[in-house]
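Everything below concerns the one structure shown next.
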Amino acid sequence: MNKIIPVDKLEIGMEVVALDKSWLETNILFHRFRVQSRDEIQKLRQNGIRMVTVRIPDPQPTRAPEKETDKQTEEGETPILRGMEVLPLPSLKEWNALHDKTVAVVAKSFGDVRMGNALDVAPLRYQVVETLDMLLRDPRKNSFLVTLSEVDDESYVHSTNTMILAMGLAQQTGVPHEELPMWGLAALLHDIGKALIPLEILKKPGKLDPNEWETMKRHPRLGYSILSKSKDDMVRGVCTHVAMEHHERKGGGGYPFGLDLPDIDPVSRSLMVLDIYEALTAGRIYRPPLSPAKTLSYLLERELHKLDPRAIANLVQMVGIYPVASLVLLTDGRIAMITEYKDPDTHTGPVNLLAIFSKPGVPLPEPVPITLSTIDRSRVKQTYHPRELGLSSADIARYLEIAGADHPDH
Ligand SMILES: [Fe+2]
């Protein structure tokens, strides 16, 4: 049950679900949160909030929580808990809808800048907050699932995927909650300078010649220039640094300044890793996508000396070597999709899979559920990106549904 109360009646521990001002009228990023300090209440007052809607827990829940949720409740640390109510995990369908909306908003922002108009940050901030809300409800680390999007405008999809990865990474590494939207917005805007790069270069279906490459390398400075004109403090702060620095590299081998890691903002140091991870797992017109396992191997074997090793380690920990929806060739010759980890935070212990192919190119008559006590290199001969096997995001969603690992009705 929800109840509208004055801000002065708000107490620590209460769950706020709405404010009396629209999201765009305040500098408050979260309009749904649990009050954790008096400072938060004071911030509401400072933003002119007079009334808030709070969720009053039902004293007698009518339905016992299911077993796994029960465990989460006992531990009291899962972000999907709101008051006494357990919110459903977001389905892949919900994720894809939010993702597609965000891609459209990013596309409009790039279009505005390309037309010489000012960047309107408010709709981007809104998408960041909506995405963060979804991430906090979803301990499954759906970042890889979302990168399977079939929207084909890669610059906007790339920015959106990187934003999801960035907030997931920041959350996992203990970045304070209030700073997570900053990471998301910085990621969403890191390539905004590309809005001022000629489209024939941006969309060229092949390698750039040296002159075109020099033009493309201007996008960090252009991004800085665009963002530094913003009226939004967050945009003029970290977002400008990330736009300028995300192609710098350890040892000074990057551009535009040849900075070394200690001189690079920590957000930029993580973002440069996510930037590469997303580009490789999503693929490009001229380059097929790689599986997460192959991408992480590439980062560790070929890029480690150019990047922040801690950022790579954090990424490995976040997505795992074999994230949900990745496909593995098992030692018995079957190809199976990872559908669920017993412990999605550590990707250790029992794991559920769905065997789909009896061997490459030969689908099984019916998918076969498998549970392994653990998954590691001794059980996996090879990994595939779903597209390498001709599987679409709709196929992935269907298999997750078959495996009971997604909740399409929510
Ligand atoms: Fe870039």
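Just so you know, ligand 1 is whichever comes first in the structure, and atom 1 is the first atom listed for that ligand.
Within 6.0 Å of CZ in R218 there are 12 or fewer heavy atoms belonging to other residues, nucleotides or ligands. Atom CZ of R114 has more than 12 neighbouring heavy atoms from other residues, nucleotides or ligands inside a 6.0 Å radius.
Residues passing the ring pair (Phe, Tyr, Trp, His ring centres under 6.0 Å) test with H241, sequence neighbours excluded: none. Applying the side-chain hydrogen bond (donor to acceptor under 3.5 Å, both in side chains) rule to T131 yields no partners; only residues at least two apart in sequence or on another chain are considered.
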Side-chain donor/acceptor pairs under 3.5 Å, residues 232-240, sequence neighbours excluded:
{"unit_1": "D232", "atom_1": "OD1", "unit_2": "R125", "atom_2": "NH1", "d": "3.3"}
{"unit_1": "D232", "atom_1": "OD1", "unit_2": "M234", "atom_2": "N", "d": "2.8"}
{"unit_1": "D232", "atom_1": "OD1", "unit_2": "V235", "atom_2": "N", "d": "3.2"}
{"unit_1": "D232", "atom_1": "OD2", "unit_2": "R125", "atom_2": "NH1", "d": "2.6"}
{"unit_1": "D233", "atom_1": "OD1", "unit_2": "R236", "atom_2": "NH2", "d": "2.8"}
{"unit_1": "R236", "atom_1": "NH1", "unit_2": "S230", "atom_2": "O", "d": "2.9"}
{"unit_1": "R236", "atom_1": "NH1", "unit_2": "K231", "atom_2": "O", "d": "3.2"}
{"unit_1": "T240", "atom_1": "OG1", "unit_2": "R236", "atom_2": "O", "d": "2.9"}
{"unit_1": "T240", "atom_1": "OG1", "unit_2": "G237", "atom_2": "O", "d": "2.6"}

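Distances from the Fe ion (ligand 1) under 2.8 Å pick out these protein N/O/S atoms: D191 OD1, H219 NE2, H246 NE2, H247 NE2.
Here the side chain of T173 pairs a donor or acceptor atom with the backbone of L169 at under 3.5 angstrom.
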